[in-house]
Structure formats: structure tokens, C-alpha cells
S.K.: 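Structure below; questions to follow.
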Amino acid sequence: MITVKNKLFNITTKNTSYICHVRDGKYVENLYYGKKITFPEGADTEAMVEPLREKFNNVYGNTIAAAGEDKNLTLDNLNTEFSYPAVGDYRITSMLLKADNTFSSRFYFKDSFLYEGLYKDSDLTKMPHARYYEETGKPWTLELIFEDEAAGLELRLIYTAFEDCDVITRRTVLINKRDSSVAVRKLASMQLDLPGKDYSLLTFDGLWTRERHLNEKKLISGTYVTESTVGTSSNRHNPFIMIKKNDAGEHAGDCYAFNLIYSGNHKEEVEVSEYGKIRLIQGINDWCFDMELKSGETFYTPEAVMTYSDLGLNGASANCHDFVNNHIIPEQFRGKERPILINNWEATYFDFNRRKLTGLAKDAAKLGIELFVLDDGWFGDRSDDTSSLGDWDVNEKKIGGPLKDLITEIKKEGMDFGIWVEPEMISEKSRLYEAHPDWAVKAPGREVYTGRNQMVLDYTREDVRDYIVDKLSKLLSDNDVSYVKWDMNRHISDAYSSGDCDSGIFYHRYVLGYYDVMDRLTKSFPHVLFEGCSSGGGRFDLGVLCYMPQIWTSDDTDPNERMMIQGGTSYGYPLSTMGAHVSASPNHQTLRHTSIDTRFQVATMGVLGYELDATRLTSLEKKTVKKQIEFYKQYRKLFQFGRFIRVKKDPNLEIWETVSADRDLAIALLYQAQSEPNQSDDILFAKGLEENATYKVTGRQIQISIKEFGNLINMVSPVNIKEEGVAQAMVNSLYAMDGEKEEYLVTGSMLMHAGIKLNSRFVGTGLGEGTRTMGDYSSRLYVIERMI
Ligand code: GLA
């Protein structure tokens with residue numbers, strides 16, 4: 001709900017209030033953002049917000065006085081909704097414009113406009129945006145209109161309130177009403193000024209194979225910047241960030257979360273001002289951004305997302321999860337369970353033929369896998385990563401005939417078919433490059449720098465986009481394809497177009513081009529499930545999720561690393577968006593050995609897939625995988641759409657949980673990174689349950705490879721088994737030891753507040769029934785079912 005009373009704007013959601021008002025007739029002061037505050041029915045709210053107004057009873061030292069009646073007021077210490085230079089506010093600013101040879105702006109409040117529904121010009125932005133459905137309630141939108149009379153510019157701040165998930169979205173719109181151009185050097189989507197400075201900043205950073213690791217820093221004086229300059233939202237720094245009061249934790253305390261519905265260069269800045277206030281700004285990165293906004297033109301910034309919760313980091317994450325599942329994901333995939341897939345990449349890499357593919361498909365189908373995904377190498381003349389990107393024609397020689405025939409064979413096994421593409425790229429060694437060298441992004445006369453031997457296709461050009469849409473449309477209409485993995489494996493470096501795009505706006509126009517292609521393809525093929533990918537999780541953002549309901553979280557499938565990658569990602573994105581695969585051991589990225597059950601159990605917290613050579617699994621492994629898939633299918637809805645909670649965060653032992661909406665069912669994952677000798681027993685806690693209900697807690701039965709015990713196995717084996725010997729290999733392929741069986745009856749309150757003291761761990765003794773053998777990288781799943 002949003003109310004406007006004279007010049008007081010009160011944006012409320014289920015549990016939050018965002019209040020600002022016009023001060024001195026010109027400025028809009030932010031009065032409050034946080035837990036919902038209420039006013040008595042019929043109260044004079046304008047008078048009642050007096051306690052929230054910043055007081056300026058005297059002049060602050062050598063400050064600049066704001067123009068207006070209040071001669072004491074300085075913008076340097078006022079919480080405002082946006083900012084620009086030259087008015088004495090020396091903090092970071094949300095915009096930088098140059099008109100009439102000056103950087104001085106004077107945007108003053110003119111009017112406001114309130115209506116039900118989304119921002120009325122959402123479609124004109126040519127960017128994806130949040131949506132709503134009847135059951136999520138119709139949002140309200142507020143536009144605050146400002147004018148810089150001298151410059152002839154209008155600025156609109158747009159706020160949309162999504163009540164159901166405590167989210168408010170923001171964007172800034174600039175309209176050039178003058179006769180000449182204005183240079184736009186920076187225009188952020190949102191600014192939030194908060195009183196007080198006792199906050200910590202949480203960012204999600206990394207690189208290829210280690211995306212979105214959580215980093216927390218206590219904010220002290222100065223400015224903190226998180227940004228991407230690679231052309232996409234990047235694996236380096238995700239646009240999702242959080243700030244929390246220093247005393248807030250996972251389950252309680254004041255937390256704010258921010259994100260951007262945008263897939264390009266972004267920037268998040270947080271300043272602790274000299275007056276001890278927080279200013280947070282988020283939007284398109286102003287790095288290499290220099291736009292000429294011509295007379296009569298409008299510039300729309302991407303939609304920013306913010307939420308607040310007093311229920312700690314988990315509370316803010318829950319709001320983000322609901323927002324993504326209910327307002328971002330394409331309608332046809334909202335709440336829709338996703339298939340379990342097998343991807344041939346780590347099984348074959350580029351080295352495959354018809355026999356290998358169908359062999360893999362046959363074995364995968366027997367395990368219960370539902371979708372076969374053919375990865376890189378099926379097109380052009382591609383047998384490594386040096387050629388053919390852009391030539392999206394099937395290599396029939398390699399796959400042994402038309403694609404249709406391969407698909408028919410796979411479908412006969414009872415599986416759907418999916419395919420990998422990387423349509424934003426061009427190889428120098430390709431027919432496309434021979435025909436259109438100017439379609440590659442490169443700077444004139446400058447030596448070409450490649451990444452993974454490839455160049456980026458110039459998506460600012462319409463002819464390039466038309467070519468790609470035509471090629472992919474043909475692929476998808478000629479073949480029965482139900483899933484597409486859309487990859488993007490290199491960063492942009494020389495931001496230059498041979499077309500009509502100025503370099504100062506290249507990065508943004510590239511993103512708009514990408515959205516145009518995605519928009520056209522997803523409208524033509526709405527049934528196709530697109531999974532985003534960019535060298536793993538290098539473009540994991542809300543813009544992508546508006547078209548593709550899930551994203552390949554990382555090329556790194558090592559479960560220990562995945563605890564950090566999926567764990568970090570979970571702060572801003574729900575389980576339904578995270579592709580999580582079981583791969584081979586030792587892992588191809590880290591060479592770490594882990595059990596097939598740990599690989600699976602960590603992957604259950606996401607959208608499950610397999611990415612290994614199923615034909616080489618031992619008969620015991622096959623049995624194990626079959627059971628895993630049955631288990632996942634039984635609880636798939638919970639694993640993909642349950643309420644995800646980080647129950648316990650300890651560097652060595654974590655508990656994650658997913659709980660059904662009705663609290664009747666939950667599954668907890670307990671993960672231990674390294675085994676510690678002779679420690680006291682683990683306690684299993686859960687959250688989000690019904691206090692008074694009775695639950696049965698059952699440990700998922702796992703099996704432990706005899707290899708894990710080395711020669712200790714001889715203590716229980718009737719025959720002597722030599723370590724690493726043939727006998728061990730044989731026994732190991734057929735037999736594994738049953739792990740402990742644990743079952744408890746508890747009330748919700750017992751499990752949430754006291755916890756279950758689990759069976760003792762193996763501590764050098766106790767190699768027998770009942771002992772929990774928890775070595776390095778070990779895990780357990782506990783099913784929690786409501787009985788009464
Ligand atoms: C990227 C992806 C991988 C795989 C390869 C294929 O690295 O992240 O999953 O598809 O490309 O070249």
C-alpha cells in the first residue's frame with residue numbers, strides 16, 4: 001500500500017514502512033525505512049512524523065547551506081532520495097550530469113503520482129521487470145517528479161510496493177525537455193540513506209569455480225564499492241548485497257537486502273559519511289559510461305529491489321526468495337517442478353559420438369533421469385574450444401546423422417532432450433566470422449584480445465540479433481527440444497561497435513540487445529526451459545531469471561566448495577534457481593575425493609542433475625544413484641520450492657533446511673567439512689516448524705564405502721582385504737556398509753530449541769552399528785515429517 005498525504009509519502013508492505021516527505025518545498029527527505037510503524041486512525045500524519053525529521057537547529061561548521069527558507073539546512077547531512085554534486089552534499093552521488101558546461105544540477109520536487117499496478121512505462125524500458133499475479137496482490141506505484149528548471153530536465157523516482165514479500169522496487173527516469181543534449185555520466189536506480197553507522201556489509205564475491213562466497217565487513221568511515229566491469233553481472237561481485245546492524249545474525253536483527261534486475265555492469269556503493277550516516281547507491285556502473293541524452297529522449301534505469309527484515313539474514317533471504325519465485329520467474333515456470341537432467345559435458349567433454357551419447361542416455365534413463373542435455377561440441381566443426389561459435393548448424397558427421405534422429409532415440413528411452421548453445425559468441429575460426437568480421441566486438445585498428453579463443457558478438461546491432469534469433473528459432477522449431485542451456489563464456493573487453501552505438505553506452509546497449517533476443521525467443525518458445533550459464537555462475541542475476549528460471553550455479557561441483565557457492569547464493573536467490581549436479585570423484589575442478597552420497601545430498605539443495613559418465617558407474621553406484629533419484633523425486637517440491645533456512649552456520653559444520661509452506665514436512669542437511677577427533681556429539685536443530693506439532697525425524701539411510709576405512713575394515717571383515725588391492729576394488733563395487741539408522745519423535749519446539757543429540761561419531765573406536773562415521777566432507781539428510 002502507498003499513501004500520499006499532502007507531501008508525505010508512506011509506502012507500506014506486510015511488515016515494513018518506507019516514509020519520506022517534501023522538506024522546504026524542494027527536497028525529499030527520507031524519514032524511515034524498517035519494521036512497520038503505524039499511525040493512529042485519522043491522525044495528522046504530517047505532524048506526527050516530526051520526530052523522524054532531521055533537526056537543523058544551528059549551522060554545521062563550514063557546511064554549504066541548501067537553497068531555501070531553512071538557512072541551517074545542509075544537504076550534506078540530510079537523508080535524501082537521490083543526490084548530485086554542487087549543492088554541498090559531498091557524499092557519493094546517485095547522478096552526474098553535464099549540461100550547459102556545468103555539473104551543477106538543481107532538481108526540485110514538483111509533483112507526485114500514485115496508482116495501482118506496475119510502473120506504467122515498464123515496457124518502454126526494454127528491460128525485464130518484476131511482475132505480479134492475482135494471488136500475490138496488485139502492487140502500488142508512486143512516482144516522485146522533480147524538475148531542474150535551469151537545465152530543462154525532469155527526473156522521476158519510481159517506487160513499486162510488493163506487499164506479499166516486503167519488497168519495494170525502485171528506478172530513476174530522466175527526461176530531456178531541453179532543446180539540446182545532456183551528458184549523462186551516472187544515473188543510479190536507487191539511493192537509500194539511513195541514520196546511524198553501526199552496520200556490516202555483506203557481499204557475494206568470487207571468480208570462475210568459486211562464485212558468490214559470502215564476505216562480511218564491518219562498515220567504518222569511507223566508501224565501499226562492489227561492481228562489475230566485465231560486461232555482465234559477473235562471477236566477481238554479484239549485484240545482490242546486504243547490510244545488517246552489527247548485532248543482527250542469521251535469525252534475528254535488522255537486515256536490508258538489495259538487488260538489481262539487470263545483467264550488465266553494475267555498481268553498489270556504500271558510504272559511511274562523516275556525520276555517521278549510511279548512504280547506499282545501486283545502479284548501472286558509471287565506469288566507461290558516458291551517454292548523450294538527446295532533446296526529447298528519456299533514459300530508464302533498471303529496476304532495483306530492496307527489502308528489510310527484522311528476522312535476521314534468513315528473514316531478508318526469505319523475502320528475496322519469495323520475490324524471485326513470485327515476481328521474477330517467467331509465469332509458465334512459476335512453482336513448476338524442474339526435471340532431473342544428465343549433462344554430457346563432464347562425461348565426454350568434446351569427445352563424443354552417437355554411440356557414446358546414446359549409451360550415456362540409456363544408462364541415465366535406467367537410473368530415473370528425465371532429461372538428456374547435449375553440451376558443447378555438436379555444431380560447426382567444433383572438437384575443441386578454438387572454433388565454430390556462431391555456426392549453429394548441426395555437425396551430423398559427429399553425432400551420426402540428423403539431430404532429429406538422435407532426439408528420437410533419446411526420447412525412446414523416456415527422456416526429454418535439451419541442448420547447449422552460446423549465442424553471444426563468435427570464433428575467429430568460423431564461417432560467421434569469415435562472412436561478418438565486423439560483427440565481433442573489437443576496437444578499430446587495435447590488436448584483438450580473445451578469451452577462451454573467442455570474441456563477443458555485437459548484440460548492440462540489430463542485424464546480429466536477427467541472425468541469432470533466426471538461427472536458434474530454426475533449431476528449436478525443427479527439433480523437439482524442451483530445454484536450452486544458454487552459455488556465455490567470455491567477458492567483454494574492447495567495448496566498441498562497428499554499428500551505430502556510441503562506446504559510452506556500449507555496455508548498456510549490449511545488455512538491452514541480449515534482453516531483446518531473450519524476449520523474442522522466450523515468447524516464440526514459451527515451453528522451452530532455459531537455464532542460464534556463464535562459465536558456470538558468471539551471470540547469476542535477476543535480469544537473467546526473468547527469462548530463465550534456473551541458472552547453472554557454478555562449473556565447480558565439488559560438494560565442499562558448493563556449500564560455499566550454494567550457501568552464498570542462497571542469501572539472495574531461492575533453491576529453484578540453482579542448478580546443482582552430482583559429478584565424478586575426484587572432482588574435475590578441485591581433485592577432491594568425496595562420497596557419492598555427499599555429492600548428492602549437497603546437490604539436493606537446488607535443482608538436481610548429474611554430470612558424470614553414468615556408463616562407468618559400478619553396479620553399486622548405479623543402485624545408489626537410483627535410490628538418490630527416487631528420494632529426490634519424492635521430495636522434489638520441497639527441495640526446489642520449500643522455505644530455505646540456514647539453520648546453523650559454523651565454519652566446519654553447517655545445517656541447512658527446507659520447510660514446506662504448511663510446515664508439515666522439512667528436510668535438514670547436516671554437512672561437516674573436516675572430521676574432528678573426539679568431539680562431543682552433533683546436535684541437530686531445525687527451524688520454521690510448528691512449535692506444538694509432533695514430528696518424526698528419520699535419517700536418510702546412506703551407505704559408506706569400505707574404502708573409507710582403509711585397512712581398518714579388516715577389524716570387521718571375515719576375510720582379509722588388502723588396501724587398494726583387487727579384492728578391495730571388487731568388494732567396493734558391490735558392497736558398502738550401511739550407515740547408522742536414526743529415528744526420533746519430537747515436538748517442533750524440542751527440535752527448534754533443544755535439538756536432537758545424534759548418535760556418537762566414529763572416533764577411532766566404534767566401527768559398528770549405530771555409530772555415525774563422519775569423515776571429511778561428510779553429510780546427512782534428515783526427513784522431518786509432521787505426525788500430529
Ligand atoms: C562453460 C560451462 C560448462 C560447459 C562448457 C562448454 O564452461 O559453464 O558447463 O557447458 O562451457 O564449453
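We're numbering straight along the sequence, starting at 1. Atoms within each ligand, like the ligands themselves, are counted from 1 in listed order. Just so we're clear, the structure is a prediction, and the values are computed from it rather than from any experiment. We use all heavy atoms of the structure for the numbers below, so side chains are in, but hydrogens, waters and symmetry mates are not.
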S.K.: Closer than 4.0 Å to some heavy atom of C533 - which atoms of ligand 1 meet that?
M.R.: 2 (C), 8 (O)
S.K.: Check this for me: does any side-chain nitrogen of one of D494 and R446 sit under 4.0 Å from a carboxylate oxygen of the other?
M.R.: no
S.K.: With a cut-off of 4.0 Å, which atoms of ligand 1 are near a heavy atom of G536?
M.R.: 8 (O)
S.K.: Tell me, which protein residue and heavy-atom name are nearest atom 10 (O) of ligand 1, and how many Å apart are they?
M.R.: D375 OD1, 2.7 Å
S.K.: Taking only heavy atoms of N489, which atoms of ligand 1 are found under 4.0 Å from at least one of them?
M.R.: 1 (C), 7 (O), 11 (O)
S.K.: Can you report which non-hydrogen protein atom sits closest to atom 11 (O) of ligand 1, along with the distance?
M.R.: D487 OD2, 2.9 Å
S.K.: Identify, for atom 12 (O) of ligand 1, the protein heavy atom at the shortest distance, and state residue, atom and that distance.
M.R.: D376 OD2, 2.6 Å
S.K.: Pick out which of Y510, Y515, Y547 makes a side-chain hydrogen bond (donor to acceptor under 3.5 Å, both in side chains) with S263.
M.R.: Y515
S.K.: Using distance alone, determine whether W345 and ligand 1 share an N or O pair under 3.5 Å.
M.R.: no
S.K.: Starting from atom 7 (O) of ligand 1, which protein heavy atom do you reach first, and at what distance in Å?
M.R.: D555 OD2, 3.0 Å
S.K.: Is it the case that the side chains of D597 and S779 hold a donor-acceptor pair, with the cut-off being a distance below 3.5 Å and no angle test?
M.R.: no
S.K.: Quick check: Y467 with W439 (ring centres under 6.0 Å apart)?
M.R.: yes
S.K.: Can you pull out the closest protein heavy atom to atom 9 (O) of ligand 1? Residue, atom name and distance to 0.1 Å, please.
M.R.: K485 NZ, 2.7 Å
S.K.: Heavy atom of R452 under 4.0 Å from ligand 1?
M.R.: yes
S.K.: When rounded to the nearest 0.5 angstrom, what is the spacing between NZ in K627 and CZ in R700?
M.R.: 8.0 Å
S.K.: Mark yes or no for whether Y632, through its side chain, and L608, through its backbone, hold a donor-acceptor pair below 3.5 Å.
M.R.: yes
S.K.: For K485, is there an ion pair with D375 - N to carboxylate O distance below 4.0 angstrom?
M.R.: yes
S.K.: Taking heavy atoms and a distance under 4.0 Å, where does S535 meet ligand 1: side chain, backbone, both or neither?
M.R.: backbone
S.K.: Just to be sure I read this right, does ligand 1 sit under 4.0 Å from the backbone of N343, its side chain, both, or neither, counting only heavy atoms?
M.R.: neither
S.K.: Judged by modelled atom types alone, do D458 and S497 share a side-chain donor-acceptor pair under 3.5 Å?
M.R.: yes
